[in-house]
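Written below as structure tokens is the structure these notes are about.
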There are 2 protein chains.
Amino acid sequence: MLSRKTKYALKALTYIARQQEKKPVQTAIISESENISHKYLEAILLTLRNLGYLGSKKGKGGGYYLLKPASEIQMVDLLRKIEGPIALVPCVSLNYYEKCDDCPDEGACSVHLLMIEVRDSTLKVLENKSLADII
Amino acid sequence: MLSRKTKYALKALTYIARQQEKKPVQTAIISESENISHKYLEAILLTLRNLGYLGSKKGKGGGYYLLKPASEIQMVDLLRKIEGPIALVPCVSLNYYEKCDDCPDEGACSVHLLMIEVRDSTLKVLENKSLADII
DNA sequence: AATTACCCTATCGGAGTAGTAGGGTAATGA
DNA sequence: TCATTACCCTACTACTCCGATAGGGTAATT
């Protein structure tokens, strides 16, 4: 299941990306439009900024804005950074790999092999999606 | 992420399905072979029995056994019943649908549309997999 | 009748999530 | 300059779920 945090991050990014002008968007506006708790959204936007997706401008007329064109923001990267692994079990994760403490042999594990297939099909979708695609 | 419960359930089922003879398999044997807490496994096997996947036999020489051929046990069904929804957000779940409290219009939600694609690609994998396929 | 193995209830610590509280700091415009 | 606006940061809390444990009860074999 996708966390609310990730969902909010996606919604906020699409909201910002949808703006015609490059003007910064205020957090209050996003939180009202998308029905997200204002303070909670602040924390998320801050994360997105620290990840290099957003820039911010303080003072009157300030807010958040995209640092890259929406077409260059890939869904896979975003989800991995906010949500964590794409894979459903750590032992098939490409970016967050962890060995199972119980499995002596991954190659012989039926769950392992099944989850690789699931992971790959999910990746296929996410690797071909940018922020621009979902606006 | 897949819960340990589901992973254990899959492992237990494959273990039972691998037996040549139709003889019942004891919980103790499964828990030792697959490194699963014995008591916890008991609860899982009980669930699988109540779901109609397994039968059980008490007394000496008892244990659990498959009620259906492995080829008729579909991964989608199993995962849905043990783990819950396949979808990553409730609003795109086919079997566990729930409306988002924040979204006024699902059709306009970018997250919604993206997650439908992810769900469908996952389903495509799981719908073509039976227990027999992953042994 | 004793053994074996299934069956059930209750409980618990730990981890993570969503959200709140409250304040601080920097940069605009007037 | 100075007040306003809006970003920035820390800490805390209520809540839920998960994996696991404890301890016993019951039914069916040999």
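Here is the naming used below: chain letters follow the sequence lines, and residue numbers restart at 1 for every chain. Atom set for the values below is all heavy atoms of this structure, side chains included, hydrogens, waters and symmetry mates excluded.
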(message) Check Glu83(A) with Lys5(A), please: is the shortest side-chain N to carboxylate O separation under 4.0 Å?
(response) no
(request) Grab the CG-P distance between Leu46(A) and dA6(D) for me, whole Å please. (result) 17 Å
(message) With a 4.0 Å limit, can you tell me whether Tyr65(A) has a side-chain N or O closer than that to the phosphate oxygens OP1/OP2 of dA6(D)?
(response) no
(message) Under 4.0 Å between a side-chain nitrogen and a carboxylate oxygen: does that hold for Lys99(B) and Glu106(B)?
(response) no
(request) Take the protein atom CG of Leu41(B) and the nucleotide atom P of dC8(C), then report the distance between them rounded to whole Å. (result) 16 Å
(request) Scan nucleotides 20-30 of chain D nucleotide by nucleotide, 5' to 3', and note B when protein non-hydrogen atoms come under 4.0 Å of the base, S if they reach only the sugar-phosphate, - if neither. (result) BB-BB--SBS-
(request) Look at the side chain of Glu42(A) and the backbone N and O of His38(A), then say whether any donor-acceptor pair between them is shorter than 3.5 Å. (result) no
(message) Could you go through Tyr64(A) and Val25(A), starting from their C-alpha distance and side-chain angles, then the distance that decides it, and tell me whether this counts as side-chain contact (heavy atoms from CB on, under 4.5 Å)?
(response) CA-CA 5 Å; Tyr64(A) 286 97; Val25(A) 186; 5.6 Å; no
(request) To the nearest 0.5 Å, tell me how far Met75(B) CE sits from Leu13(B) CG. (result) 7.0 Å
(message) Which nucleotide wins on minimum distance to the side chain of Lys5(A), given the candidates dC6(C), dA18(C), dC7(D)?
(response) dA18(C)
(request) Provide, to the nearest angstrom, the distance between the CD1 atom belonging to Ile30(A) and the C1' atom belonging to dC7(D). (result) 12 Å
(message) Using modelled atom types and a 3.5 Å cut-off, is there a donor and acceptor pairing between side-chain atoms of Ser121(A) and backbone atoms of Ser121(B)?
(response) yes
(message) In this structure, how many angstroms lie between the C1' atom of dC17(D) and the CE atom of Met1(B), rounded?
(response) 16 Å
(request) For Arg80(B) and Asn95(B), indicate whether the former's side chain and the latter's backbone hold a donor-acceptor pair under 3.5 Å. (result) no
(request) Take atom CD of Gln26(A) and atom P of dC8(D), then tell me their distance rounded to the nearest Å. (result) 13 Å
(message) With a 4.0 Å limit, can you tell me whether Thr27(A) has a side-chain N or O closer than that to the phosphate oxygens OP1/OP2 of dC7(D)?
(response) yes
Every protein N/O lying under 3.5 Å from an N/O of nucleotides 12-16 of chain D:
none

(request) Test Lys23(A) against Tyr65(A) for side-chain contact (heavy atoms from CB on, under 4.5 Å), laying out the working first. (result) CA-CA 7 Å; Lys23(A) 286 206 296 182; Tyr65(A) 51 91; over 6 Å; no
(request) List the steps and the verdict of side-chain contact (heavy atoms from CB on, under 4.5 Å) for Leu51(A) and Ile82(A). (result) CA-CA 9 Å; Leu51(A) 287 172; Ile82(A) 307 267; 4.0 Å; yes
(request) Take atom CD1 of Ile44(A) and atom C1' of dT17(C), then tell me their distance rounded to the nearest Å. (result) 11 Å
(message) Using heavy-atom distances to pick each residue's nearest nucleotide on DNA chain D, tell me which of Ser56(A) and Thr6(B) is more 5'.
(response) Ser56(A)
(request) To the nearest Å, give me how far apart CG (Asn50(A)) and C1' (dC7(D)) are. (result) 12 Å
(message) Nearest whole Å is fine: how far is dG19(D) C1' from Asp102(A) CG?
(response) 12 Å
